[in-house]
Student: 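Supplied in structure tokens, the structure appears directly below.
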Amino acid sequence: MSDTFLIAPSILSADFAKLGEEVEAVLAAGADTIHVDVMDGHFVPNLTIGAPVVQSLRKIKNAFLDCHLMIEEPEKYVEDFLKAGADNITLHVESKGDIATLIKKIKEAGCQVGLTMRPATPLETIRPYLKDLDLVLVMTVNPGFGGQSFMEDQVEKIRELAALRDAHYHPYKIQVDGGVSEQTKSQLQQADILVAGSFIFKHPEGYKKAISLLKEKV
Ligand code: DX5
Ligand code: ZN
């Protein structure tokens, strides 16, 4: 296990009027990947951004674009995200459609694939897919909005995922999303990637300081 986390700023908390500059700034400040929260107003009660924004951000060549699809019918849109140049696409197991087929389609396009679940959804639901995944995302807030409080009762899923990975030699990375901060990271030692929106983009001492505060495992 690495002694540092990979850090994925969630652009949901960025200034959308200068999104490209914001992405360049967090990359210069040490971000490892860029987390793009895609919401359709149905799967979650909020509406954010779609594939055209990913296509524009693709011009920033060194940005690894990690797209978290909080949408009801991913099979309608996955193709668009692949064409737009996503580097990873994370699906919700509760979305409509055949998850196994979508996972296969994403992988065949040469894109990495992740799977996640709402906090109320048991880990069991994603178990059949674990061997095929590059990433498993543990949601530590109810998907839909930035700036919510970290749900401690989800930490157990991280432990279970780490144990399953060891037991079965699965290759996936464990990512955590929601309420991640300098205070909550101590509970996330077995994770590999921390997503953080408000902690990074609203930090009074700037992006570099915020990322350095999250980076080291304690
Ligand atoms: C919530 C999103 C998160 C969100 C995290 O549905 O998936 O990525 O931006 O924001 P913070 O870090 O502010 O909880
Ligand atoms: Zn997210």
Side-chain angles (χ1 to χ4, degrees), residues 5-16 19 22-23 26 29-51 53-54 57 63-72 74 77 81 86-95 112-121 126 133-155 157-158 173-188 191-204 206-207 209-215:
F5 295 109
L6 295 170
I7 305 298
S10 161
I11 58 169
L12 193 56
S13 296
D15 180 350
F16 278 31
L19 191 53
E22 292 273 72
V23 168
V26 285
D32 296 287
T33 63
I34 300 297
H35 187 80
V36 181
D37 285 305
V38 178
M39 306 188 190
D40 68 351
H42 293 279
F43 187 80
V44 288
N46 194 10
L47 198 58
T48 56
I49 53 183
V53 174
V54 173
L57 291 178
F64 182 99
L65 301 173
D66 163 30
C67 301
H68 175 192
L69 302 193
M70 287 160 274
I71 63 180
E72 207 159 82
Y77 300 100
F81 284 91
D87 294 295
N88 177 80
I89 295 178
T90 294
L91 304 164
H92 265 269
V93 72
E94 306 92 347
S95 292
Q112 293 189 17
V113 64
L115 190 61
T116 187
M117 71 228 105
R118 293 185 176 119
T121 303
I126 67 164
L133 302 173
D134 297 293
L135 184 90
V136 179
L137 167 58
V138 175
M139 290 301 303
T140 43
V141 297
N142 279 311
F145 300 92
Q148 304 181 78
S149 302
F150 181 80
M151 295 170 72
E152 273 186 34
D153 60 355
Q154 297 303 301
V155 171
K157 284 180 180 164
I158 304 169
K173 285 191 161 62
I174 302 170
Q175 187 183 53
V176 181
D177 182 10
V180 170
S181 70
E182 194 189 353
Q183 278 74 38
T184 55
K185 75 163 185 177
S186 61
Q187 301 175 58
L188 308 174
D192 306 294
I193 309 171
L194 302 185
V195 174
S198 42
F199 183 78
I200 293 173
F201 284 102
K202 314 272 183 234
H203 200 283
Y207 304 160
K209 176 72 179 175
I211 290 171
S212 74
L213 287 171
L214 291 179
K215 192 87 192 155

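Read the numbers this way: they start at 1 and go in the same order the structure lists the ligands and their atoms. The analysis underlying the following values was restricted to heavy atoms, covering all of them including side chains, and did not include hydrogens, waters or symmetry mates.
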Student: For H68, which of V36, L91, D177, N88 qualifies under side chain to side chain contact (heavy atoms under 4.5 Å, CB included)?
Tutor: D177
Student: Test side-chain contact (heavy atoms from CB on, under 4.5 Å) on F5 and I211 and set out the steps.
Tutor: CA-CA 10 Å; F5 295 109; I211 290 171; over 6 Å; no
Student: Under the 3.5 angstrom rule, does the side chain of K173 hit a backbone N or O of A191 as a donor-acceptor pair?
Tutor: no
Student: How about the Zn ion (ligand 2), which protein N, O or S atoms come within less than 2.8 Å?
Tutor: H35 NE2, D37 OD1, H68 ND1, D177 OD2
Student: Would you say the side chain of F81 lies within less than 4.5 Å of the side chain of L69, judging by non-hydrogen atoms?
Tutor: yes
Student: If you apply the rule side chain to side chain donor-acceptor pair (under 3.5 Å), what do you find for E94 with T121, and how did you get there?
Tutor: CA-CA 8 Å; E94 306 92 347; T121 303; 2.6 Å; yes
Student: Report yes if some heavy atom in the side chain of V176 is under 4.5 Å from a heavy atom in the side chain of I158; otherwise report no.
Tutor: yes
Student: Is there a side-chain contact between L12 and T48, using heavy atoms and a 4.5 Å cut-off?
Tutor: yes
Student: Only pairs under 3.5 Å count here: list side-chain donor-acceptor contacts from residues 193-201, not counting sequence neighbours, and write none if there are none.
Tutor:
none

Student: With sequence neighbours excluded, what pairs up with P45 under the side-chain contact (heavy atoms from CB on, under 4.5 Å) test?
Tutor: F145
Student: For ligand 1, what are the residues with a heavy-atom contact below 4.0 Å?
Tutor: S10, L12, H35, D37, M39, H68, M70, M139, P143, G144, F145, G146, G147, D177, G178, G179, V195, A196, G197, S198
